[in-house]
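Scroll down for the structure; my scribbles are underneath it.
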Amino acid sequence: MKRTHYCGQIGSAQIDQKVTIMGWVQKRRDHGGVIFTDIRDRSGLVQVVFNPNLDDDAFAKANQLRSEFVIAIEGIVEARPDGNINPDLSTGEIEIKCVDLRILDVAKTPPIQVEDDLDVGEDLRLKYRYLDLRRPKMQKIMGLRHQIMKTVRDYLDNNNFWEIETPILTKSTPEGARDYLVPSRIKQGRFFALPQSPQIFKQLLMASGMDRYYQIARCFRDEDLRANRQPEFTQIDLEMSFITREDVLEITEGLMRKVFSLVDIEVPEEIPVLTYDEAMARFGSDKPDLRFAMELIDISGLVAASDFKIFSGTIANGGQVKGIKFKGGADLSRSQVDELEEHVKLFKAKGLAWMAFKEDGLKSPVAKFLSDQELELIKEKMKADTGDLLLFVADKPAIVAAALGNLRLKIAKDNNLIPDDTYKFAWIIDFPLLEFDENAERFVAKHHPFTSPIAADIDILDEKPTEVRADAYDFVLNGEELGGGSIRINNRQLQEKVFDALNMSKVEQEEKFGFLLDAFEYGAPPHGGIAFGFDRLMMIAAGTDSIRDVIAFPKTQRATSPLTDAPSEVDPVQLKELGININKED
RNA sequence: GGAGGUGUAGCGUAGCGGUUUAACGCGCCGGCCUGUCAAGCCGGAGAUCGCGAGUUCAAAUCUCGUCUCCUCCGCCA
């Protein structure tokens, strides 16, 4: 028996034809004298009818059929009798009268039913992922994932990019995320690291004259998981020689246009470009969600001389006071406002000052500390009307941004202020090159240590390191960072200078990155690139809020696989070969 | 590392100190049924209430601990 059609492809065009389909039993409806079954494959469902008039054997066998049996059906396509057309099914105009049934494999009753809109715990879905993936919804996502991947490849191929693989077993480097390590058997006591990204290799490929490279690359970071973060994830990674930032942005926008057109999302001709400083000032985030306004307003100038010490004192100590306006939020209950205050405290804010402009006047626990004039100026600056609620945080700029930026998102989500089916793209540029890490007590690279400073800022690298801007750019959609990249350093002197600024010793520079520094001495072209979080792209394309929905075999929040039970203990012989002893804590 | 939520038949839930013999829906098993597609009707099986301590005459229900899964903070160049 050889399959002639996919289930979902059969329609009126095949009427009277003999077809052979293969797939899974979705459902059996036994009417005693006639049995209906829905057969499912990747393409959809089709109804098969078993009738003793047609074939006694097949009819008898059909009694044994159960959900998820794998079967082959040979039959004649017929139009359904009048009144029996099912408009909900793409194949609903026809049915297949079975003349031969073969059971290819039987199935136990599945622990989770294979159907969309089944509310089932995610741990079970992951344990029986092969059943979960049979659901049409999941099949659609995996098909879309393939389509997008193919689109990416086609687009980059058309733009002269070569797909080149880079090592999975590579070298642990400082900076960045925690590495996944792989012990070496040949060199005991030494370890490979799985790549956090192909960053250094793609730069070496530029030094190798490959001109344009891309890879749909698996990356590994041993950090805690989130709804949009997996320890093992996929990037669209690309790099170009002899280009400037504008070239990378242009190529990227073209790529995004192709990809999003697959899901009918329009990428505008002009994508807004915000500097990092502007994004932080207006939205309190370097990945602002531009689908709604509620921008942060700086009222520091209005309250610097105020008698309200929480405001004026903070400003005197180099801090600031900013606020957001929750339109129509004045009638929030006290406990609802308390909840908002709890939220900003998550981001280290000490408190949340508020002013509610109610019908019967201003209500605010801080009003009594402010003069009438100050209150009036604040109201004016914030453009507050009756019914509005103003919320203020006074603190260091970084805390104000984090607190209000996240409060803004929470209010918008909780109150449905974010329009559906709206896609707001943005480029964020001019990131700081360095930021001070309080724990490490040194500067760390905001992007990565191979990012080039903007040419004009190179001179101040020594005196004012925090003011140096990086020639880096992030691609943001709906408050999600989809991709980021930069123009890279391509000469040894500047690269060493940046390593120096990161407090990396010459010895360490040589040990960890000597091969890259060497490469820069043999003629490396100016180059730059970008990497996209493919899974996050998929989340948006598939309209899901969990990264696990777009990965065939994802891991749980504890970075384990319920399906395979990885990570698992290994045979002591394996450990011995690797020269590894396990210290079991108590 | 921290905060919050969660766990009761195969699945989703209800019950939240004692009239419960732990209920309901889906699924499963058997019977009837020749036009169903959320098939229908009749009957049935299936649960040491995550695990471990404790309080109590009595614990699915209260307390503590622990584990799982989820969300978030830290972390993620």
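Just so you know, these numbers come straight off a predicted model, no measurement behind them. We name chains A, B, ... by the order of the sequence lines, and we start the count at 1 in each one.
When the nucleotides B:C76, B:U36, B:U34 are ranked by their closest atom to the side chain of A:Asn84, B:U36 comes out on top. Of the listed nucleotides (B:G35, B:U34, B:C29), B:U34 has the atom at the smallest distance from the side chain of A:Asn53. Of the candidate nucleotides B:C70, B:C33, B:C37, B:C37 has the atom lying nearest to any side-chain atom of A:Asp38. You'll find that the side chain of A:Gln557 is closest to B:C72, out of B:U13, B:C72, B:C75. Side-chain proximity of A:Gln113 to B:C26, B:C76, B:C69: nearest is B:C26. Among B:G35, B:C72, B:G12, the nucleotide with an atom closest to any side-chain atom of A:Leu346 is B:C72. The side chain of A:Asp30 approaches B:C33 more closely than any other nucleotide in the set B:C75, B:C33, B:C69. Of all nucleotides listed (B:C28, B:C37, B:C73), B:C28 comes nearest to the side chain of A:Ser67. Picking from B:C37, B:U34, B:C75 the nucleotide with the shortest atom distance to the side chain of A:Val34 gives B:U34. When distances are taken from the side chain of A:Phe36 to each of B:U36, B:U13, B:U34, the shortest belongs to B:U36.
A:Thr560 comes within contact range of the sugar-phosphate backbone alone, with a heavy-atom separation under 4.0 Å but no base atom that close. Within 4.0 Å of A:Val444, counting heavy atoms only, lies no atom of the nucleic acid at all. Residue-level contact check: A:Phe450 touches neither bases nor backbone, having no heavy atom under 4.0 Å from any strand. Within the 4.0 angstrom heavy-atom criterion, no nucleotide atom of any strand lies near A:Asp222. Within the nucleic acid shown, A:Asn86 comes within 4.0 Å of at least one base atom, counting heavy atoms only. Residue A:Pro111 is classed as a sugar-phosphate contact, given heavy-atom separations below 4.0 Å to backbone atoms only. Counting any heavy atom pair closer than 4.0 Å across all strands shown, A:Arg66 reaches sugar-phosphate atoms only and no base atom. Residue A:Ser197 is classed as a base contact, given a heavy-atom separation below 4.0 Å to a base. At a threshold of 4.0 angstrom between heavy atoms, the contacts of A:Arg548 are confined to the sugar-phosphate backbone, with no base atom among them. If you check every strand for non-hydrogen atoms under 4.0 Å, A:Lys287 touches nothing. In this structure, A:Gln230 reaches neither bases nor backbone, as no heavy-atom distance under 4.0 Å exists between it and the strands shown. Among the protein residues, A:Arg80 comes within range of the nucleic acid bases, having at least one heavy atom under 4.0 Å from a base atom.
In this structure, A:Phe534 has its ring center no closer than 6.0 Å to that of A:Phe233. A:Phe50 has its ring centre no less than 6.0 Å from the ring centre of A:Phe59. The ring of A:Phe69 has its center no closer than 6.0 angstrom to the ring center of A:Trp24.
Between the C1' atom of B:C76 and the CD atom of A:Glu480 lies a distance of 13 Å, rounded to the nearest Å. Between A:Lys413 atom NZ and B:U71 atom P there is a gap of 13 Å when expressed in whole angstrom units. A:Glu175 places its CD atom 10 Å from the P atom of B:C76, with the value rounded to the nearest Å. Spacing between atom CZ of A:Arg29 and atom C1' of B:G27 amounts to 16 Å, rounded to whole angstrom units. Regarding A:Ile94, its CD1 atom lies at a distance of 17 Å from the P atom of B:U36, rounded to whole Å. For the pair A:Glu342 CD and B:A3 C1', the interatomic distance rounds to 11 Å; values are reported in whole Å. Between the CZ atom of A:Phe50 and the P atom of B:G35 there is a distance of 17 Å, given to the nearest Å. Rounded to whole Å, the distance from CG on A:Asn63 to P on B:C32 is 10 Å.
Ion pairing of A:Glu239 with A:Arg488 is present here, as a side-chain N (NZ or NE/NH1/NH2) and a carboxylate O approach within less than 4.0 Å.
The base of B:C75 is paired with the side chain of A:Arg229 by a donor and an acceptor separated by under 3.5 Å. A donor and an acceptor atom never sit less than 3.5 Å apart when one is taken from the side chain of A:Glu115 and the other from the base of B:G27. Remark: the A:Arg221 side chain and the B:C76 base include no donor-acceptor N/O pair separated by less than 3.5 Å. At a cut-off of 3.5 angstrom, the base of B:G35 holds at least one donor-acceptor pair with the side chain of A:Lys97.
Side-chain N/O atoms of A:Arg226 include one lying less than 4.0 angstrom from OP1 or OP2 on B:C73. At least one side-chain nitrogen or oxygen of A:Lys27 sits closer than 4.0 Å to the OP1 or OP2 atom of B:G27.
When the options A:Lys108, A:Lys27, A:Arg28, A:Arg134 are evaluated for a salt bridge (Lys or Arg N to Asp or Glu O under 4.0 Å) with A:Glu68, the one that passes is A:Arg134. Of the candidates A:Ile489, A:Thr173, A:Leu204, A:Leu516 forms a side chain to side chain contact (heavy atoms under 4.5 Å, CB included) with just one, namely A:Leu204.
Between the side chain of A:Gln203 and the backbone N or O of A:Ile200 there is no donor-acceptor pair closer than 3.5 Å. Listed for the A:Glu95 side chain is no donor-acceptor partner under 3.5 Å among the backbone atoms of A:Ala79.
Taking the nucleotide of RNA chain B with the nearest heavy atom to each of A:Lys348 and A:Thr109, the more 5' of the two is matched to A:Thr109. Between A:Leu124 and A:Arg28, the residue whose closest nucleotide on RNA chain B is further toward the 5' end is A:Leu124.
Nucleotide B:C75 is matched to nothing when pairs are restricted to Watson-Crick or G-U wobble geometry with both distances under 3.5 angstrom. Shown here, B:G25 forms a base pair with B:C11; the pair counts as Watson-Crick or G-U wobble because both key distances fall under 3.5 Å. In this structure, B:G54 and B:C62 make a Watson-Crick or G-U wobble pair, each of the two defining distances being under 3.5 angstrom. Base pairing of B:C32: its partner is B:G40, meeting the Watson-Crick or G-U wobble criterion (both donor-acceptor distances under 3.5 Å).
Taking atom C1' on both nucleotides, B:C73 is separated from B:C67 by 22 Å, rounded to a whole Å. One P atom belongs to B:G74, the other to B:C69, and the distance between them is 22 Å to the nearest Å. Only the P atoms considered, B:G46 is 31 Å distant from B:G54, to the nearest whole Å. Rounded to whole Å, the P atom of B:C41 lies 9 Å from the corresponding atom of B:C26. Between the C1' atoms of B:G15 and B:C72, the separation comes to 31 Å (whole Å). Going from the P atom of B:G18 to that of B:G2 covers 36 Å, rounded to whole Å. Across B:A47 and B:U6, the matching P atoms stand 26 Å from one another, rounded to whole Å. B:U48 sits 11 Å from B:U8 when the P atoms are compared, rounded to a whole Å.
Atom CG of A:Asp55 and atom CG of A:Leu101 lie 9.0 Å apart (nearest 0.5 Å).
A:His31 qualifies as a stacking partner of the B:A39 base, centre to centre under 5.5 Å and near-parallel within 30°.
Defined by atom type and a distance below 3.5 Å, a donor-acceptor pair is present between the side-chain atoms of A:Asp237 and A:Tyr213.
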